[in-house]
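Reviewing the structure listed below.
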Amino acid sequence: MSSYFTDLALQYIDGEWRPGSGSWDIIDFNPYDDEKLASITIATVDEVDQAYRAAARAQKEWAQTNPYARRTVFEKALRLVEEREEEIAEAIVAELGGTRLKAAFELHLAKEFLREAVHLALRPEGRIIPSPVDGKENRVYRVPVGVVGVISPFNFPFLLALKSVAPALALGNGVVLKPHQNTPIVGGSLVAKIFEDAGLPGGLLNVVITDIAEIGDAFLEHPVPKVISFTGSDSVGRHVATVCASLFKRSILELGGNSALVVLDDADLDYAVDAAVFSRYVHQGQVCMAANRVLVDRSVADAFTEKFVAKVKSLKAGDPRDPGTVIGPVINSRQADALSGVVEQAVAEGATALVRGDRTNNLVEPSVLTGLPADSALLRQEVFGPVVFLVPFDGEEEAVRIVNDTPYGLSGAVHTGDVERGVNFAKQIDTGMFHVNDGTVHDEPIVPFGGEKHSGSGRLNGDTMLDAFTTTKWISVQHGRSGFPF
């Protein structure tokens with residue numbers, strides 16, 4: 001077992017590792033075998049305040065630090081992740097129930113985003129804009145927002161914490177990170193340890209491990225943070241957005257999805273099957289971009305379904321520590337109960353289970369369902385686990401209608417032998433991202449990432465990080481003399 005769970009089961013506030021002062025503990029369990037990994041005394045409202053105040057103090061000097069000097073921290077952080085990759089992978093497997101394949105996938109992306117953070121430190125540029133007033137010069141500066149609050153999720157906690165924390169720091173901000181209660185080490189303490197060892201000045205990054213039962217909305221309502229970056233469910237995201245709007249804070253919301261992978265009549269079926277199985281079952285389907293629905297043109301539906309079902313049945317479910325395991329446990333019993341309920345409801349509504357996986361504790365085996373009534377609410381909601389709905393359609397127009405018939409709009413994919421046909425199809429889908437002849441699960445460090453509708457607001461990655469974590473400031477200089485009417 002990684003020493004992270006014994007060494008980092010603490011709060012990290014103002015450059016110090018210390019226990020929380022709350023009256024109860026968060027117990028960190030391995031979701032596969034229920035092994036107790038750590039016990040962490042929660043942070044209180046007072047400690048949230050201390051964390052934000054520390055970040056605000058440290059940020060003033062950090063913002064004045066030469067960006068060439070700032071970027072050396074991220075270069076060192078990248079080297080540390082590379083050196084500790086096996087330890088971090090073990091922690092991902094233990095705390096998340098992630099498979100070895102999933103851990104490698106998450107770490108690959110984490111390193112890519114750290115590489116981008118190195119360059120992001122040098123990205124802000126100012127502008128000089130002409131003025132209609134003689135002798136006047138308009139300067140527009142790009143400056144840090146100050147302090148950013150980051151709330152990370154449980155499914156890709158190391159990556160998705162870094163994805164906001166690293167850019168915010170690189171651009172001159174302080175950060176307070178609140179990890180999900182189910183992944184406090186990988187999504188919180190481990191991130192702080194990497195940056196501490198990389199030489200980040202104390203106080204700039206703080207981690208508070210706590211629960212809303214203890215702190216309520218204090219993390220959102222605190223007067224210090226100007227931006228809240230939240231990744232999680234749309235129901236919680238709606239609350240985050242409401243609180244932030246009422247306090248004139250900026251919110252960056254990366255929320256849930258109900259993505260569809262569409263197979264047109266001219267698709268390469270074997271390739272489409274591979275893409276669809278990965279898009280649904282990577283990390284047990286606990287991915288916001290996962291393909292909840294697989295839509296197949298009726299003319300090729302039988303052939304596709306036969307191949308798809310055969311491949312799903314070949315997926316090995318079990319201990320995530322086994323390199324051959326593809327399907328590990330879901331994060332907790334509540335998620336497992338919900339997934340069992342989805343399958344039962346679908347069958348009760350008339351669906352046929354082509355594959356109906358067993359459940360053992362938090363290990364939920366894959367299920368493949370077809371024939372769900374078109375008006376079923378299950379086709380419009382997010383299903384966060386290894387359950388997929390196969391939906392036949394007649395022609396592209398019907399496919400577009402079905403894909404868009406959901407309150408979500410995050411990702412999706414279409415498979416076709418004609419790339420431009422695929423692009424024209426993609427243009428008709430109400431999503432922030434869509435992929436032609438590929439899977440639905442993608443994230444790249446310089447391409448804008450985000451959703452439409454209930455899938456969120458704002459974008460991350462590349463230049464959009466500037467919009468997320470900096471603001472513009474207009475300073476005018478009158479080199480001559482202005483005239484005033486009185």
Side-chain angles (χ1 to χ4, degrees), residues 12-17 50-85 88 107 109-128 139-150 152 158-159 161-177 188-207 224-227 229 250 252 445-446 460-473 475:
Y12 184 66
I13 299 173
D14 205 6
E16 296 181 353
W17 295 97
Q50 293 172 35
Y52 273 129
R53 300 294 177 189
R57 288 192 302 271
Q59 187 269 336
K60 300 298 184 185
E61 183 176 350
W62 180 245
Q64 299 303 315
T65 302
N66 189 304
Y68 280 90
R70 286 205 303 263
R71 73 175 187 172
T72 61
V73 171
F74 303 95
E75 292 170 339
K76 180 67 179 300
L78 174 59
R79 289 196 298 272
L80 291 173
V81 171
E82 290 172 336
E83 291 168 6
R84 301 172 185 177
E85 192 160 348
I88 299 172
L107 280 164
L109 285 174
K111 290 184 291 185
E112 289 297 312
F113 278 91
L114 279 172
R115 289 187 181 98
E116 173 61 13
V118 171
H119 302 293
L120 196 61
L122 307 181
R123 196 78 54 84
E125 296 177 347
R127 300 169 61 200
I128 296 180
R139 304 179 187 182
V140 179
Y141 292 87
R142 177 73 75 167
V143 298
V145 295
V147 174
V148 176
V150 177
S152 65
F158 188 64
L159 168 65
L162 278 174
K163 189 174 175 179
S164 287
V165 168
L169 290 171
L171 291 167
N173 299 288
V175 175
V176 179
L177 169 62
S189 304
L190 180 54
V191 175
K193 179 62 175 172
I194 292 289
F195 279 108
E196 180 186 49
D197 291 350
L200 186 74
L204 268 176
L205 172 60
N206 304 267
V207 174
V224 163
K226 300 299 185 290
V227 174
S229 180
R250 186 186 306 169
I252 309 297
I446 63 172
L460 292 176
N461 302 359
D463 289 341
T464 64
M465 295 297 196
L466 297 174
D467 296 326
F469 301 126
T470 69
T471 188
T472 54
K473 186 170 187 175
I475 296 178

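All residue numbers in this chain count up from 1 along the given sequence.
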| task | Using the six-membered ring wherever Trp is involved, compare the ring planes of W17 and Y12 and label them parallel, tilted or perpendicular (cut-offs 30° and 60°). | result | tilted
Which distance, rounded to the nearest 0.5 Å, do you find between the [atom1] of [X] and the [atom2] of [Y]?
| X | Y | atom1 | atom2 | value |
| --- | --- | --- | --- | --- |
| I13 | L205 | CD1 | CG | 11.5 Å |
| R71 | H119 | CZ | NE2 | 8.0 Å |
| S164 | L169 | OG | CG | 10.5 Å |
| L114 | E75 | CG | CD | 11.0 Å |
| L190 | F158 | CG | CZ | 5.0 Å |
| K226 | T470 | NZ | OG1 | 14.5 Å |

Tell me the closest heavy-atom pair linking [X] and [Y], and the distance in Å.
| X | Y | result |
| --- | --- | --- |
| V140 | T472 | CG1-CB, 4.0 Å |
| A117 | A166 | CB-CB, 3.9 Å |
| V224 | A56 | CG1-CB, 4.0 Å |
| G172 | Q59 | O-NE2, 3.0 Å |
| A168 | V148 | CB-CG2, 4.1 Å |
| L162 | P167 | O-CD, 3.4 Å |

[Y] and [X], any side-chain heavy atoms less than 4.5 Å apart:
| X | Y | value |
| --- | --- | --- |
| F74 | L120 | no |
| P445 | R115 | no |
| L78 | E112 | no |
| F469 | L460 | yes |
| E83 | D197 | no |
| V73 | W62 | yes |
| Q50 | D14 | no |
| R123 | M465 | no |

| Distance only, no hydrogens: is a donor on one side chain within 3.5 Å (strictly under) of an acceptor on the other, for R70 and T65? | no
For the backbone of [Y] and the side chain of [X], can you confirm whether one donor and one acceptor N or O come within less than 3.5 Å of each other?
| X | Y | value |
| --- | --- | --- |
| R250 | D467 | yes |
| E196 | G202 | no |
| N173 | V145 | yes |

| field | Test applied, side chain to side chain contact (heavy atoms under 4.5 Å, CB included); reference residue, V176; option that passes from V150, L204, N206 | value |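 When side chain to side chain contact (heavy atoms under 4.5 Å, CB included) is applied between V176 and each of V150, L204, N206, only N206 qualifies.
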| Checking side chain to side chain contact (heavy atoms under 4.5 Å, CB included) against S152, which of L177, V165, V207, V191 comes through? | L177
| field | Lys/Arg-Asp/Glu bridge criterion (N-O < 4.0 Å) met for E82, R79 | value | no
| query | Counting only heavy atoms not in L80, do more than 12 fall under 6.0 Å of its CG? | reply |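 For L80, atom CG is crowded (more than 12 foreign heavy atoms under 6.0 Å).
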